[in-house]
There are 2 protein chains.
Amino acid sequence: MPNSSNAGPGRVRVTINDLAAALGLSKGTVSRALNDYPDIAEATRLRVRRAAERMGYRPMAQAQAIRTGRARSLGLVLNAGRSDAHKPFLTDFLDGISRGASEESWTLTVATSEDEADEVATMTRLLDERKVDGFILPRTKTRDMRISLLRGRGVPFILFGRTGDATDCAWFDIDGEGAMRAAVQRLAGFGHRRIGYMGGLPEFHFSRLRRQGFLDGLAGAGLAPDPALMVEGVFTVEDGAVAGLRLLDHPQPPTAVVCALDVAALGLYRAAIRAGRKVGRDLAVISYDGSPEAAVSDPPLTSYAVDTRAAGRALAEMLIANIRGTAPEDLRRIVPARLIPRASDRLFARVTDAPRETTQGTITTTLA
Amino acid sequence: MPNSSNAGPGRVRVTINDLAAALGLSKGTVSRALNDYPDIAEATRLRVRRAAERMGYRPMAQAQAIRTGRARSLGLVLNAGRSDAHKPFLTDFLDGISRGASEESWTLTVATSEDEADEVATMTRLLDERKVDGFILPRTKTRDMRISLLRGRGVPFILFGRTGDATDCAWFDIDGEGAMRAAVQRLAGFGHRRIGYMGGLPEFHFSRLRRQGFLDGLAGAGLAPDPALMVEGVFTVEDGAVAGLRLLDHPQPPTAVVCALDVAALGLYRAAIRAGRKVGRDLAVISYDGSPEAAVSDPPLTSYAVDTRAAGRALAEMLIANIRGTAPEDLRRIVPARLIPRASDRLFARVTDAPRETTQGTITTTLA
DNA sequence: ACCCTTGCCGAAACCGGTTTCGGAACAAAA
DNA sequence: TTTTGTTCCGAAACCGGTTTCGGCAAGGGT
């Protein structure tokens, strides 16, 4: 008969001892059968499996952990302090990770922190108590304390994004620089020659990459970068509004702007209104993120979308592989962002159809 | 010397054996000293504590779990299928839970699911593997399968919200019905007599409560409810737009509307535009949620805000108390929502200052 | 017929903690 | 002095698994 002293949740819990007794085998044999050891007869293995299934046996994760050293849990530490741009995607992200993890019977442990120091402290606690086998690090910075910590302790981890020195790092990322490049190319194809840029906070590595992508795009289109048309450090709609105003107030303002984040673009929308211009008519905008708000803005924002759910899933799978021994060098993947063409980047019946000079003239006089 | 075979993360791990050896005590004594057993001399207890501190000893959570039956982890299963209204609050919510949990050295395990069946399956797995000790159940329904499951298995849990039969349930909730009542009272105070209502999906228990609160509010103001001015089942902005149009198309449309959710109100904004009316001038709106989008809408939406972070924290603390033995009946708390007065509920220089009859007339002719 | 593999399983140690039980040392009461 | 009672700690069992080790039995080769 199964386990009589069943304290805690789960009702009558069937342990490996119950299973072994029911089968007339030793618990060691049962364990090895369940874990596919080579020294178990195929017939026995099947008998054990079937009995386990029938009796509803589930190995207690912690009991395994104590011997194997694996909690079978992935750690994710969210920064709740900063207004996080990935808020709207968080559910999708968690969903992706959770699915990727549960497919291998792993789980996701989430913690939060407000600043970088707190982040490291939280991760340390999770590690010390052995609650987690590895970490997913979102929003990687060029110089990231979390990476130093984990590297120093020899703990497996994977970056969502890249970093300055990615030696020994596994990572998954979206090709932001490629998207920026394509955005410039697209705008140049529409006839734009003065293309502005709004980038994110410089400490995040993606800002650096996207900026470079933008510059590469300009070069590819034979355009010279104008520092006056480029602003960095945008991370909220408010930032974007301020920065946008600066761009639009320029004596020779851009006819198009590439934004590294949707929030920046949304801020630019506001700036445009205040400057008496209209996005989609006087000003072309292409952005990046594919956030839901972008779809309902006026005009709907053309944006490069990232599939956050798929990213979460990939991150989970890759981290598990890393924990299981795959070398970090073999765990690096980059996927393209997907363009969602909407109305903000086509200046209907004007820029689009007119030759370049006329375009410039039209815009300029509109502003004057 | 500490543990030489240190597989896995964490570098040189100091175990209770290392500690005992260093102190010249048995590991049982060390354990009891650390856990404040009464049969340990005060001097010894201190000596042990200090050594533990100095050597950086952290008990391995899983090793404790195997004997105590406590994983020291709270479970949260998110429904990723439905477009979740609490998306913008998710970070805050997780942050609250995480803080409440980590104060007691507990952690948060998050999983996702798409439908109700999946939800139950996920929770079952988490329980069977003993990954969690209890659950936080967000978005409770009047008849909730999760509750039946957990009740049946005798697993501790706490509701975020209330439910049909809350016997033996611990819960934490925001006083939505009170907010609805106050909203009606406020609008009636401004002179409104035809007050509409837009409610949420009926299966969620809060919809029921808020609806009742609205009706109570009407009664308190001496107004008779008009079924034609009440719509239910709104859960997205789109729903809200459709429902709003229905309300505004009424031959004798409402001069004010109480919304049970901000998304409903935002939908109503759209409907008003299409109907040629202007919220804050022809139509007063009070809503509930306090979502960030509501602050930047035009006009800014007056809404009852819920402190999701505080809720998360309270839920975590209460669930831990429940797991530790406090009776569910002693773990029930309701806190008021906080009114954030903005522009959407004051019809400047018209309804506000005019007597009731005139108001009605003004609105009506505006529509005609 | 004997030895040597090989296949397969049981026994027992082990992981890192918690908890029970009993007894030594010492003080107070008889 | 003996008895009784406390205080405090060690020894060992226990939790539910995993992993090592050794040995029995069957099969193959000589």
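By convention in this document, chain letters (A, B, ...) are assigned in the order of the sequence lines, proteins followed by strands, and residues within each chain are numbered from 1. The figures that follow rest on heavy atoms only: side chains count, while hydrogens, waters and symmetry mates do not.
- Salt bridge Glu104(A)/Arg324(A): present, at least one basic N to carboxylate O contact under 4.0 Å.
- Note on Arg146(A) versus Glu116(A): no salt bridge recorded, every NZ/NE/NH1/NH2 to OD/OE distance being 4.0 Å or above.
- Between Leu34(A) atom CG and dT19(D) atom C1' there is a gap of 15 Å when expressed in whole angstrom units.
- When each of Asp173(B), Asp144(B), Thr142(B) is checked for a side chain to side chain donor-acceptor pair (under 3.5 Å) with His205(B), only Thr142(B) meets the rule.
- Note: CD (Gln64(A)) to C1' (dG16(C)) measures 16 Å, nearest angstrom.
- dG17(C) atom P lies 10 Å from atom CD of Gln62(B), rounded to whole Å.
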Donor-acceptor pairs under 3.5 angstrom involving side-chain atoms of residues 23-31 of chain B: please list them, not counting sequence neighbours.
{"residue": "Ser26(B)", "atom": "OG", "partner": "Thr29(B)", "partner atom": "N", "Å": "3.3"}
{"residue": "Ser26(B)", "atom": "OG", "partner": "Thr29(B)", "partner atom": "OG1", "Å": "2.9"}
{"residue": "Thr29(B)", "atom": "OG1", "partner": "Arg32(B)", "partner atom": "NH2", "Å": "3.2"}

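- Note: CD (Glu129(A)) to P (dC15(C)) measures 21 Å, nearest angstrom.
- By the 4.0 Å N-to-carboxylate-O rule, Arg45(B) lies close enough to Asp36(B) to be salt-bridged with it.
- Residue Asn17(B) places none of its side-chain N or O atoms closer than 4.0 Å to OP1 or OP2 of dG17(C).
- The existence of a salt bridge linking Asp168(B) and Arg151(B) is excluded, since no basic side-chain nitrogen approaches an acidic carboxylate oxygen closer than 4.0 Å.
- Taking side-chain N and O atoms only, Tyr57(B) has a distance below 4.0 Å to OP1 or OP2 of dG17(C).
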Where protein sits on nucleotides 9-14 of chain C, one letter per nucleotide: B base, S sugar-phosphate only, - none, heavy atoms under 4.0 Å: BB---B

